[in-house]
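All remarks here apply to the structure that follows.
Quick note on labels: first sequence line is chain A, next is B, and so on, each numbered from 1.
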Amino acid sequence: MKWYDLNARELPWRSTKNPYHIWICEIVLQQTRVEQGKNHYLNFIERFPEVKSLAYAHTDEVLLYWKGLGYYSRAINLHTAAQQIMTDFNGIFPNHFEEILKLKGVGKYTAAAVASICFDEKIPAIDGNFYRVLSRIFADDFDISSSKAYQYFYNLALLIMPDERPGDFNQAIMDIGSEVCKPKNPNCEVCPVRDNCLAFGIGNVQDFPLKSKKVKAQDLKLHYYHIRYREEFLIKQRDDSFIWKKLYDFPEKIPSHFEKWITHEKTIHHKLTHKNLEIVISEVVLDNKKEFQKFSEENHFIITNYEESHLKSFPKPLENFLKKEFEES
DNA sequence: AACCCGGGGAG
DNA sequence: CTCCCAGGGTT
């Protein structure tokens, strides 16, 4: 705690105990580096300053403010949870761990973070940093990819968690994990708990934490049709399954008599954490406005143009594709 | 308990 | 290339 008082990172959400702000911050930062999420957080709370404005917003706009962050179910769940607070909690942000946990998209970690930071509940917020710092301090080779890891390290954390300032304690562990006890090349020389760290004593800090599960990316091919009439083209909204939940993309099928209007194809290779994508985009240029509108109406596609498409959230590779198309023309 | 879900930066 | 990030939901 002494180290934290002197070395805490200066971050936008460190100066508030507003549970709405802390909640948004915690969701943004799930599996996301602080530097990557900081601006999204600031933009988000500026546009949606309290629960009500988020609850009453259109899903498309919530997704727009989430554009590029990934794990889009977080945005969908955030929107749902805001409405949940309006209906189930009378618009007042819940102030106990068990109630916060009921919010869609809020798991044990996030509920613990909000409860400890905003409401001073003594509950460890076990995130990736906590796993790493604890497993090194105790030289503990408990597999953090095990489904029992959370409960195991939760109990371990209680052994060293003070009664005072639980929120600051949780954030102190995060800062040590992020700035000192890093996954690679930890900076043990300046670590405030070095003398109490068993792994450091043994000299094998790099061996912790133990993580057995390794996920391999799978290959996936997608075929899109960029169907154009003059400056306009067709888009659709994805469903909430599979990848890129609720984001917008292009039609994936065309009637066979459209094939003669294919002018060229472009292949994009895009790497995701769990997938290696090969995306083929066929350019279909129609000279017949009636065909264009008929096809659009029959399949419930949306007619848009480059400027208008900025009001929708597209997957990263498709956004890059549109940008290049526009710059070339 | 296993599996799925993005995008980005570091090494 | 691999690993990991202020995890959670679904099956």
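- A:Val106 comes within contact range of the sugar-phosphate backbone alone, with a heavy-atom separation under 4.0 Å but no base atom that close.
- Between the side chain of A:Gln36 and the base of B:dG7 there is at least one donor-acceptor pair of N/O atoms closer than 3.5 Å.
- Between C:dG7 and A:Gln31, a contact under 4.0 Å exists linking OP1 or OP2 to a side-chain N or O.
- No hydrogens or angles were tested; on distance alone, a donor-acceptor pair under 3.5 Å links the side chain of A:Thr273 to the base of B:dG6.
- Considering only side-chain N and O atoms, A:Lys104 lies under 4.0 angstrom from the phosphate OP1 or OP2 of C:dT10.
- Other residues, nucleotides and ligands contribute only 12 or fewer heavy atoms inside 6.0 Å of the NZ atom of A:Lys108.
- Phosphate contact (OP1/OP2 of C:dG9, side-chain N/O of A:Lys245, threshold under 4.0 Å): absent.
- Per the geometry, CG belonging to A:Leu222 stands 12 Å off P belonging to B:dG6, to the nearest Å.
- Heavy-atom contacts from other residues, nucleotides or ligands closer than 6.0 Å to NZ of A:Lys260 number more than 12.
- Annotation: ring pair (Phe, Tyr, Trp, His ring centres under 6.0 Å) contacts involving residues 86-125 of chain A, sequence neighbours excluded, comprise A:Trp23-A:Phe93.
- Distance OH (A:Tyr131) to P (C:dC3): 19 Å, rounded to an integer number of Å.
- Judged by distance alone, the side chains of A:Ser145 and A:Asp143 do bring a donor and an acceptor atom under 3.5 Å apart.
- Atom C1' of nucleotide B:dG7 and atom NE2 of A:His40 are separated by 10 Å, given to the nearest angstrom.
- Using a 4.0 Å heavy-atom criterion, one finds that A:Gly107 contacts the sugar-phosphate atoms exclusively.
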